[in-house]
Amino acid sequence: MARIAGALIWIFFYRTAPNIIAFPDVEHIPPYTGKTVFLAGQDSGYVKAEDISTLFPEATLSVIADAGHWLHVQQPGIFIEQVEQFLL
């Protein structure tokens with residue numbers, strides 16, 4: 001996300017996609033116990049609480065209604081509100 005001309009804009013860097021796809025084996029990674037939030041669209045099956053809890057035991061999962069995997073496009077206002085609420 002970036003602020004351009006006073007508006008928040010979602011930016012995706014295609015060069016990082018192979019790193020996301022090749023996510024490493026996490027069995028030997030210690031959990032992160034800091035404050036973390038995961039946002040998921042209600043109609044998407046990609047983010048599940050049980051998948052998050054091992055590496056992020058203190059994480060909060062916020063599910064956004066009427067959104068799928070592209071919740072930042074389908075519900076941009078709610079998405080930005082949730083991000084701002086977490087950051088501030």
Side-chain angles (χ1 to χ4, degrees):
M1 239 183 183
R3 187 176 297 276
I4 299 174
L8 290 173
I9 306 295
W10 182 259
I11 298 174
F12 179 75
F13 296 101
Y14 291 98
R15 285 179 261 169
T16 62
N19 295 331
I20 294 169
I21 293 168
F23 196 77
D25 179 16
V26 297
E27 292 180 11
H28 304 292
I29 298 175
Y32 175 74
T33 57
K35 186 177 176 185
T36 310
V37 66
F38 285 83
L39 302 175
Q42 183 180 26
D43 301 330
S44 174
Y46 286 105
V47 180
K48 298 180 179 124
E50 58 269 17
D51 295 336
I52 296 169
S53 62
T54 301
L55 285 179
F56 302 93
E58 302 300 320
T60 301
L61 173 59
S62 180
V63 178
I64 297 177
D66 300 319
H69 184 62
W70 283 64
L71 61 148
H72 59 287
V73 172
Q74 296 163 324
Q75 294 289 351
I78 297 171
F79 176 82
I80 290 170
E81 179 183 296
Q82 293 282 324
V83 171
E84 287 178 341
Q85 181 179 342
F86 175 74
L87 294 175
L88 301 177

**Request:** Hey, could you give me the CG/CD1 distance between L61 and I52, rounded to the nearest 0.5 Å?
**Result:** 4.5 Å

**Prompt:** Can you name the one residue among H72, Q42, Q75 that meets side chain to side chain contact (heavy atoms under 4.5 Å, CB included) with I64?
**Reply:** Q75

**Message:** Donor-acceptor check, side chain of T33 to backbone of P31, threshold 3.5 angstrom: yes or no?
**Reply:** no

**Taking every non-hydrogen atom, the tightest pair across V47 and A40** = CB-CB, 3.7 Å

**Message:** How close do P57 and Y32 get, counting heavy atoms only, and between which atoms?
**Reply:** CD-O, 3.3 Å

**Item:** H69 and Y46 aromatic ring geometry - parallel, tilted or perpendicular at 30°/60° bounds
**Value:** tilted

Between side-chain atoms of residues 81-88 and protein atoms elsewhere (two or more places apart, or another chain), which donor-acceptor pairs fall under 3.5 Å?
| residue | atom | partner | partner atom | Å |
| --- | --- | --- | --- | --- |
| Q82 | OE1 | S62 | OG | 2.9 |

